[in-house]
Amino acid sequence: MSNILQAIDVRKAYDAHVALSGVSLDIPERSIFGLLGPNGAGKTSLIRIITQITGADSGEIRFRGERLNPSHIAQIGYLPEERGLYKKMKIGEQLLYLAQLKGLNKTDATKRIKAWIDRFDLRPWVSKNVEDLSKGMQQKVQFIATVLHEPSLIILDEPFSGFDPINANLIKDEILELREKGATIIFSTHRMESVEEMCDSIALINRSRKVLDGPVGTIKDTFKTNTYEVEGKGRLMVIHPDFEVLEHKERENGYFYDRIRLHEGVTPNDLLRYLIGQVEIHAFREQIPSINEIFIRRVRETMPESLVEENV
Amino acid sequence: MDQIWLIVQREYITRVRKKSFIIMTFVGPLLMSALFVVPIFLMQMSSDEKKIVTVADAGGLFSGKLPQDEKSSIRYVHAPTDLEAAKAEFKKSKNSALLYVPPFDLANPTGIKLFGRENLSLTLQTSIQRTVNRQVEAARLQKSGIDQQVLDNLKADVDMDTVNLSDEGEKSSNSMVTSGVAYFMAFLIYLFIFLYGVQIMRGVIEEKTSRIVEVIMSSVKPFQLMMGKVIGIAAVGLTQLLLWVALSSIVITGVSAVAGIDTVAASRTQQLETVAQSAGATPKETEDKTAVMYKSAMEGFSNLNLPLIIGSFLFYFLGGYLLYGALFGAIGAAVDNETDTQQFMLPITMPLILTFIVAQSVMIRDPNGPIAYWMSMIPFTSPIAMVIRIPFGGVTAGQLLLSMALLVAGFVATIWIAARIYRVGILLYGKKVTYKELSRWMFYKG
């Protein structure tokens with residue numbers, strides 16, 4: 001699969017701090033990409049460079065192999081974290097204006113606005129001013145404005161913050177459909193659990209550096225610790241050189257919960273076989289780390305370096 | 001370019017459709033005509049109300065014949081010649097003042113007193129004084145045996161025709177008309193920069209606080225957004241100006257046709273006639289004189305180099321607006337809300353206010369002096385200073401070109417600076433910016 005966007009050693013510094021120190025990324029075509037990291041990690045700086053709001057101090061961004069230039073603006077749709085619309089402008093006109101700024105001609109824009117308006121049930125509101133709308137409806141309008149020009153790269157900064165659950169689901173469905181139609185979506189968020197299930201690949205950013213990236217499955221595989229959760233009934237006694245009990249909880253009526261790590265070369269079937277002889281098993285599953293846990297682990301690993309950085 | 005045009009359109013249409021614009025468009029001319037018409041009505045009204053002055057003429061200055069002038073706002077009435085009795089009567093009456101003339105020496109009149117209820121107005125005081133002086137003069141003339149007729153014939157009243165001697169030949173001018181035109185243009189530019197410059201600033205702040213700016217920034221360059229806004233609002237201002245001029249002239253013509261100005265002019269002429277008649281001139285002569293004055297004003301107006309004046313007015317109108325507009329835009333970008341704008345507004349509004357004040361005093365008096373010259377060269381002051389100078393005609397083509405070139409250069413420079421401040425400031429929230437930071441923003445990369 002080819003990459004729609006490539007960042008190569010991108011650096012950006014402001015007055016007092018470094019926002020990005022040598023970040024490289026590959027974002028595959030037709031994927032959902034999670035740009036994850038805590039607040040202030042440099043995500044928004046990177047996005048502003050991709051959307052050409054600011055420029056990088058050094059490094060390069062390539063859009064489908066070409067060096068990023070103003071001709072790409074029309075192919076990118078951006079929903080910033082700080083959202084807003086002209087309060088005293090009618091919704092229809094506002095959408096038309098924003099679409100035209102992206103280079104769409106009036107006829108096409110009008111046609112598409114109509115379709116989206118119907119899709120989001122905004123018909124009765126078209127000639128209302130934005131300030132007369134509820135927050136949820138404003139968010140819908142904002143989303144339409146982001147995707148109206150059918151960009152091939154859609155960047156959503158903190159996409160679900162401020163969306164109510166119903167709208168959040170609506171938007172999620174739309175995003176998945178946009179990917180089906182061929183668009184690439186970048187999610188940028190510090191709430192990693194909110195996008196984990198949707199992302200095909202991710203990059204973790206911490207303190208201006210990329211700490212980890214790749215397809216979600218691969219990352220999870222790498223960070224698997226060969227640990228299994230077991231629930232059941234009976235008295236469990238694990239005395240075996242291949243297995244290590246990390247956690248053991250006795251529950252009422254003789255139930256138990258255990259976390260057991262397998263040593264190198266041992267399969268889960270070996271553990272199952274060993275357990276079946278002793279207890280009644282109700283649940284057996286592999287413990288897969290969440291992105292959040294991976295992030296924390298990864299940051300801890302790189303901690304010494306970041307501590308040094310902080311003291312500089 | 002397409003995008004700037006889109007932005008210009010949006011700025012223009014949303015503003016022109018606003019209720020406040022429509023209201024101002026119709027109220028503005030009414031206010032303007034009110035400025036013109038109301039003083040005239042007030043003048044008429046106040047002249048209707050007569051002030052009564054009691055005269056206790058113990059010295060026989062008026063020799064029993066008090067000056068009675070229908071047109072004058074003062075009416076004199078007799079009172080007992082005894083001061084105490086006169087005072088008592090005055091206190092009982094509602095008259096404005098009491099003039100007491102004791103017996104006096106014609107060569108050295110002293111002891112004439114004016115009593116008032118409260119502080120007498122300066123106009124009343126001077127006008128009574130003039131009457132007394134005239135009376136004393138008349139008495140002295142009579143005593144010296146000169147005939148009033150002879151004296152009137154001796155009196156000189158020469159109208160000087162001012163003529164401009166220039167390369168293009170002689171032209172009669174009228175300095176009153178010229179000053180008026182100059183002042184009017186300077187005032188319009190001053191008002192326009194303030195009204196619409198602040199609108200640019202507000203527009204930028206609005207985009208910042210509504211947070212739409214980042215969305216826009218992902219489509220257009222900050223410079224395009226700023227230029228679009230500045231040009232769009234300029235178009236709004238020009239539209240309003242033209243509507244005002246059109247509507248005001250309709251209103252003024254309407255009002256003057258119905259009631260005001262012709263009658264005023266007529267009563268003025270009458271007044272002049274009476275004055276002239278008392279001075280012994282025939283009504284015919286006076287009529288001629290008024291006509292000559294009017295003719296000279298019109299001639300002065302038509303002999304102004306109107307194409308040059310209007311052309312350069314539009315140039316400085318737009319140039320000054322663009323120069324200041326860019327700066328106002330930069331202020332808007334540097335702050336979060338309007339209350340924070342104060343510290344940055346002062347250095348921008350100072351040169352503007354200063355020029356306008358200097359323009360009214362020094363420049364109109366000496367339109368080709370060194371102060372006027374330098375102020376008409378500096379880009380920050382030239383939009384006002386130059387339109388003051390141009391109607392007077394002392395500006396050479398070289399000076400005009402230099403000033404215009406400097407204004408364009410100044411405009412490019414301020415746009416450059418403003419665009420840099422704008423680019424950084426517009427995405428910056430929740431931070432109070434200092435001048436030091438502003439200056440650093442100019443050298444940020446890309």
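In what follows, chains carry the letters A, B, and so on, assigned in the order in which the sequence lines appear, proteins first and then strands, with residues in each chain numbered from 1.
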Atom group of [X] that falls short of 4.5 Å from chain A, counting heavy atoms:
X: B:Lys221; answer: side chain
X: B:Ile13; answer: neither
X: B:Val220; answer: side chain
X: B:Gln9; answer: neither

- Look at atom CZ of B:Phe194 and say whether more than 12 heavy atoms of other residues, nucleotides or ligands are closer to it than 6.0 Å.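 Result for CZ/B:Phe194: enclosed.
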
- Does anything in residues 135-156 of chain A get under 4.5 Å of chain B by heavy atoms, and if so which residues?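 Expected list: A:Gln142.
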
- Residue by residue, which of residues 89-102 of chain A have a heavy atom closer than 4.5 Å to a heavy atom belonging to chain B?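 Expected list: A:Met89, A:Glu93, A:Gln94, A:Tyr97, A:Leu98, A:Gln100, A:Leu101, A:Lys102.
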
- Only pairs at least two apart or in different chains count here, so list each side chain to side chain donor-acceptor pair (under 3.5 Å) that has a residue in residues 115-125 of chain A.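 Matches after skipping sequence neighbours: A:Asp118-A:Arg123, A:Arg119-A:Glu174, A:Arg119-A:Glu177.
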
- For residues 184-195 of chain B, which residue pairs qualify under side chain to side chain donor-acceptor pair (under 3.5 Å), counting only residues two or more places apart or in two chains?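 Of all non-adjacent pairs touching residues 184-195 of chain B, none passes side chain to side chain donor-acceptor pair (under 3.5 Å).
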
- Look up atom OG in B:Ser210 and atom CD in A:Glu131, then write down how far apart they are to the nearest 0.5 Å.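 Atom-to-atom, B:Ser210:OG and A:Glu131:CD are 11.0 Å apart.
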
- Write down the atom of A:Ile73, the atom of B:Ser218, and the distance for their closest heavy-atom approach.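 In terms of heavy atoms, the two residues are closest at CG2-O, 3.3 Å.
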
- Heavy-atom closest pair, residues A:Arg48 and B:Glu214: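 Shortest heavy-atom separation between A:Arg48 and B:Glu214 comes out as NE-OE2, 3.0 Å.
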
